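Worth saying up front: this structure is predicted, and the values here are computed from it rather than measured. Each chain gets a letter, A, B and so on, in the order its sequence line appears, and its residues count up from 1. What's counted below: heavy atoms across the whole structure, side chains too, no hydrogens, waters or symmetry copies.
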Number of protein chains: 2
Amino acid sequence: METPAEDVAPTRLTGLPSWLMTQTAAHAHRLVANGLAAVDARGYHYRLLATLDEFGPASQAALGRRTGIHLSDMVAAINELADRKLVVRAPDPTDRRRNVITITPTGRRQLRRLDKQLDRVQEDLLAPLTSAERDQLTLLLARLLNHHARHH
Amino acid sequence: METPAEDVAPTRLTGLPSWLMTQTAAHAHRLVANGLAAVDARGYHYRLLATLDEFGPASQAALGRRTGIHLSDMVAAINELADRKLVVRAPDPTDRRRNVITITPTGRRQLRRLDKQLDRVQEDLLAPLTSAERDQLTLLLARLLNHHARHH
DNA sequence: AGGGAACATTCGCCGCACCAACAACGATGT
DNA sequence: ACATCGTTGTTGGTGCGGCGAATGTTCCCT
């Protein structure tokens with residue numbers, strides 16, 4: 001079934017990069033959220049587990065810096081992970097302000113599960129693009145992200 | 001100032017297309033929201049004004065189809081536009097279920113203002129890319145959006 | 001010793017997307 | 001002519017992601 005003329009967006013939008021970016025991201029987000037929800041997870045969980053796995057135990061503030069998750073949202077996210085025994089929150093003996101967050105073996109297993117789930121999602125997400133085009137897109141977006149991450 | 005090693009995201013994320021898309025989109029969204037807020041508008045307003053300008057008066061349901069705005073969110077959005085006198089909501093005499101939404105001259109003036117604002121935003125957003133690269137990115141995203149818009 | 005910075009936490013807000021329910025109305029088939 | 005079904009507008013609630021403000025504790029530097 002073709003898209004009926006009634007459903008077509010105005011040209012002002014269809015040519016606007018910011019619109020294309022936010023709309024495609026909305027689709028990406030939906031696919032990711034569904035994929036992760038099927039394994040009782042959400043975006044924040046993956047970001048945190050991946051960060052803990054790659055860099056080892058860290059304070060909540062340090063995790064916030066790496067993941068871009070706001071400190072005020074971190075509390076709930078860590079609670080959710082701790083409830084699922086994917087992570088342990090312990091007071092830092094060397095600095096009593098901090099909590100040290102550590103990934104558990106269960107957390108690592110869950111992370112591997114999330115990886116697989118996300119691989120599937122990327123496939124769906126990028127289905128219409130060739131491998132070379134996917135690389136192009138990834139490169140362009142990475143440069144954009146890099147730029148904006150540094151400039152505030 | 002270079003990005004400190006402490007702030008770097010895990011490689012699992014930096015190479016993940018869905019992550020790149022949602023993160024760049026977050027930056028895009030922030031820039032757009034700020035730009036529009038400076039003229040007392042938000043994303044929904046632009047979508048609606050642009051659609052009304054290009055296709056003429058329409059029912060809320062029709063607008064929802066074109067803009068991707070949910071019917072349940074449409075009410076508030078139209079209220080906001082009507083409050084600002086950018087749009088008029090009138091019952092459709094030929095179908096008493098419907099409201100006919102019409103853009104006002106004031107609405108058209110505001111739309112032109114939003115256009116300018118968004119032009120500036122695109123410039124900031126795509127700053128690190130050459131003109132050819134911007135076209136590449138736009139094309140790839142358009143193809144993705146096209147694909148996913150059709151397949152649910 | 002004092003003052004400023006960092007940390008964890010709580011509360012609340014916004015934007016965008018989506019779902020469920022409902023009442024009113026229109027179109028359709030029999 | 002009537003019941004059924006789909007459409008429309010509206011309300012209210014959910015979830016995720018991102019922010020800001022305010023508080024209390026602890027650390028660190030001068």
| N/O donor-acceptor pair under 3.5 Å between B/Arg89 side chain and B/Ile78 backbone | no
Atom CG of A/Asn99 and atom P of C/dA6 are separated, to the nearest Å, by 18 Å
Between A/Thr22 and A/Leu71, the residue closer to the 5' end of DNA chain C by nearest nucleotide is A/Leu71
5'-most contact on DNA chain D (nearest-nucleotide basis), B/Arg65 vs A/Arg96, goes to B/Arg65
Check: With sugar-phosphate meaning primed atoms plus P, OP1 and OP2, does A/Ser72 contact a base, only sugar-phosphate, or nothing at under 4.0 Å between heavy atoms?
Finding: base
Among the nucleotides C/dG15, C/dT9, C/dA17, whichever has the atom closest to the side chain of B/Arg42 is C/dG15
Say whether A/Arg150 and A/Asn146, considering side chains only, have a donor N or O and an acceptor N or O under 3.5 Å apart. yes
Worksheet item: If only atom types and distance count, is the side chain of B/His148 paired as donor or acceptor with the main-chain N or O of A/Leu125 below 3.5 Å?
Response: yes
inquiry  = Looking at B/Thr104 and B/Lys85, would you say the former's side chain and the latter's main chain have a donor-acceptor pair under 3.5 Å?
reply    = yes
In whole angstroms, the gap separating P of C/dT10 from CD of A/Gln60 amounts to 10 Å
When rounded to whole Å, the NE2 to C1' distance for the pair B/His29 and C/dG15 reads 5 Å
Between the base of C/dA6 and the side chain of A/Arg97, is there a donor and acceptor pair under 3.5 angstrom?
yes
- Item | Ion pair check, B/Glu54 and B/Arg66, cut-off under 4.0 Å | no
B/Ile69 CD1 to C/dC18 P, in whole Å, measures 12 Å
A/Leu48 CG to C/dA8 P, in whole Å, measures 13 Å
Open item on the list: Categorize A/Ala33 for me: base, sugar-phosphate, or nothing, with a 4.0 angstrom heavy-atom threshold over every strand shown.
Closed with: nothing
The answer to which of B/Arg98 and A/His70 contacts DNA chain D further toward the 5' end, by nearest nucleotide, is B/Arg98
B/Arg30 atom CZ is separated from C/dG15 atom C1', nearest whole Å, by 14 Å
Bounded by its outermost nucleotides with an atom under 4.0 Å from a heavy atom of chain A, the footprint on DNA chain D reads D/dC16 to D/dC27
Heavy atoms of A/Ala9 and A/Trp19 approach each other most closely as CB-CZ2, 4.4 Å
query: Is a donor-acceptor pair below 3.5 Å formed from side chain B/Asp73 to base C/dC18, judging by atom type as modelled?
result: yes
Does A/Gly43 reach a base, just sugar-phosphate, or nothing at all? Heavy atoms under 4.0 Å.
sugar-phosphate
A/Met74 atom CE is separated from C/dC11 atom P, nearest whole Å, by 19 Å
When rounded to whole Å, the OH to P distance for the pair B/Tyr46 and C/dG15 reads 19 Å
Side-chain contact check for A/Gln23: nearest option of C/dA17, C/dA8, C/dG15 is C/dA17
Exercise for review: Return yes if some donor-acceptor pair links the side-chain N/O of A/Gln122 with the main-chain N/O of B/Leu16 below 3.5 Å, else return no.
Suggested key: no
Nearest heavy-atom contact between A/Arg84 and A/Glu80 is NH1-O, 2.9 Å
